[in-house]
Amino acid sequence: MKDTATATRAAALDLLSAVLDHGRPLDDVFDAATRKLEPRDRAFARLLAATTLRRMGRLEKVIKTFLDRPLPRRAVGAKHILRLGAAQMLFLDTPPHAAVATSVDVARVRRLAPYAGLINAVLRKVADHGAARLAGFDDPLADLPRWLGQSWITAYGAETAARLAEACGREAPLDLTPRDGDGAALAELVGGLALPGGSVRLPTATAVRELAGFTEGQWWVQDAAAALPVLLAGVPLKGARVVDFCAAPGGKTLQLAAAGARVWAVDRSATRLARLRENLERTGLGDAVSVVEGDALTFTLTDDQQADVVLVDAPCTATGTFRRHPDAPWLKRPGDAAALAVIQDSLLDAAVRLVRPGGVIVYCVCSLQPEEAAPRIEALLARSPEISRKPITAGEGGVSDEMITAEGDVRLFPFHLDAVGGLDGFFIARLVRGDAPR
């Protein structure tokens, strides 16, 4: 590789190609793509790839205005280099000469030399006129796949869809959950902001392992929205028997254990469960948790008793987490939500089998897709007459009126708490089992 700057851009090219050409999540390929870089350069390669993914639509529009004809399919690598070069100038304040020169160098070292002249010419035009062209685009949904933006318009209306797109285009801050539940004390310890639900917020890109209390296990990383399902269980958790479906990487399991519950943490992924075990060891909460590697649909409590609470953090399209995962919009497909709804329904049915009369089921998904939310609850109520909603009210867990639906569920949008950095998108419903026969 010619030099460090070129190597860093080439790594960003590999990341972009892995996501867009091979459908692989950014987190899965990051270490391999950047292993030869120094930490600072690794961070820039990720930032560049992530920024390009966040601004894909606008970058495409700008670049298109400077092309005489569309690039052929075989030139997909050149198209990625153009995107990366434009992203540096338009969104990362990279000096134009550096962005152009390194883009041409990457083309040459990645066997795209026949396109080096075109890349040079187009990016020079972006340097001179790209900002003006960018300012002329006013489509708020430009950086989303068309089908996804339309699904939000259909579900929430054009104005809310635009707000969602804007919020999802921003990087998420870092949120911590305190082991002892004292958000104010943790905020003072780490120099963060205490949020209404007890989470503590710090700036994006904070060095996690360097924060006070990390080694001592006084907190763990968890988006404030992801901390709410446990806070909204609505029953005393000390001494409660709780089953946590799809538990890894374990934020909710840790919350439950810290609250004094006896927890069965069930997940199929050995890799993700390894992270859960690491956090249990670091926080000293492992004695309260039985980690179960297996299928939640066939899980039973070993002593044939039933659970007081079952938490169903169901697999979903995760469209509420785009702030953290800018690759995700480009990995999703229009039919994903419908396919996942089948799994979500099955998990809810499994929860009904496990929960005792009078016990609670908390269902949540980090999705903005409506078909993964209230319709799953309505379908469950229709086939399980012993189950009813236990509506959530304003003030519980720090949620406000605007976060609560007419049915008493919680619908979190990324623009909620926007003044302090927003939230992941979530849907949360609380259910209770009556005494009706199953």
Side-chain angles (χ1 to χ4, degrees), residues 163-164 166-214 216-234 237 249-259 261 279 282-283 285 311 313 318-325 362 364-368 392-405 408-430:
R163 293 183 68 192
L164 288 175
E166 181 183 5
C168 287
R170 294 193 287 269
E171 287 190 83
L174 176 73
D175 291 344
L176 309 178
T177 297
R179 184 179 59 193
D180 63 4
D182 191 341
L186 179 58
E188 184 175 354
L189 177 68
V190 299
L193 172 69
L195 297 179
S199 297
V200 173
R201 177 153 291 179
L202 290 160
T204 302
T206 297
V208 173
R209 292 177 180 270
E210 297 177 9
L211 290 173
F214 173 81
E216 298 80 7
Q218 294 182 29
W219 48 263
W220 53 89
V221 175
Q222 184 180 27
D223 187 82
L228 280 174
V230 170
L231 299 178
L232 296 176
L237 292 173
K252 299 175 184 66
T253 296
L254 296 171
Q255 283 181 277
L256 292 164
N279 278 319
R282 182 174 64 85
T283 57
L285 294 171
L311 178 61
D313 186 358
T319 51
T321 68
F322 288 171
R323 301 179 313 149
R324 302 183 187 281
H325 303 289
V362 179
C364 62
V365 286
C366 54
S367 169
L368 295 171
I392 297 163
T393 57
E396 292 187 73
V399 301
S400 60
D401 282 323
E402 68 172 349
M403 300 174 181
I404 300 175
T405 70
D409 304 326
V410 167
R411 163 53 78 194
L412 299 177
F413 289 132
F415 53 73
H416 285 148
L417 296 187
D418 204 30
V420 292
L423 292 169
D424 280 355
F426 255 81
F427 173 84
I428 307 165
R430 184 172 62 198

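From a predicted model like this one, the values you see are computed outputs, not experimental measurements.
Atoms NE2 and CG, on His416 and Asp424 in that order, are 13.5 Å from each other to the nearest 0.5 Å. Atoms CG and OG1, on Leu231 and Thr177 in that order, are 8.0 Å from each other to the nearest 0.5 Å. One distance of note links CZ of Arg179 with CG of Asn279; it measures 12.0 Å at 0.5 Å rounding. Taking CE of Met403 as the reference point, atom CG of Leu228 lies at 7.5 Å (rounded to 0.5 Å). To the nearest 0.5 Å, atoms CG (Leu368) and OG1 (Thr319) are separated by 4.5 Å.
Residues Arg324 and Asp223 meet the side-chain proximity criterion, which asks for heavy atoms closer than 4.5 Å. Side-chain contact between Trp219 and Val208: present, with at least one pair of heavy atoms (C-beta onward) separated by less than 4.5 Å. Using a 4.5 Å heavy-atom cutoff, the side chains of Leu254 and Gln222 are not in contact. Side-chain atoms of Phe427 and Asp409, non-hydrogen and from C-beta on, do get closer than 4.5 Å to each other. Within the 4.5 Å cutoff, no side-chain heavy atoms of Leu232 are placed close to those of Val362. The closest side-chain heavy-atom distance from Leu211 to Leu202 is below 4.5 Å. Residues Val221 and Asp175 form no side-chain contact, since every pair of their non-hydrogen atoms from C-beta on lies 4.5 Å or further apart.
The two residues Arg201 and Pro173 make their nearest non-hydrogen contact at NE-CG, 3.3 Å. For the residue pair Ala224 and Leu423, the shortest heavy atom distance occurs at CB-CD2, 3.6 Å. Here the closest non-hydrogen pair linking Leu164 and Pro414 is CD2-CD, 3.4 Å. Taking each heavy atom of Lys252 and Pro229 in turn, the nearest pair found is CE-CG, 3.8 Å. Here the closest heavy-atom approach between residue Gly192 and residue Val200 is recorded as CA-CG1, 4.0 Å. A pairwise comparison of heavy atoms in Cys364 and Ile428 identifies CB-CG1, 4.0 Å as the closest pair.
Side-chain atoms of Arg411 come within 3.5 Å of backbone N or O of Phe426 as a donor-acceptor pair. A donor-acceptor pair under 3.5 Å links the side-chain atoms of Arg282 to the main chain of Phe214, judged by distance alone.
For Glu216, the CD atom counts as densely surrounded, since its 6.0 Å shell holds more than 12 non-hydrogen atoms of other residues, nucleotides or ligands.
Remark: Asp418 does not engage Arg163 in a salt bridge, criterion side-chain N to carboxylate O under 4.0 Å.
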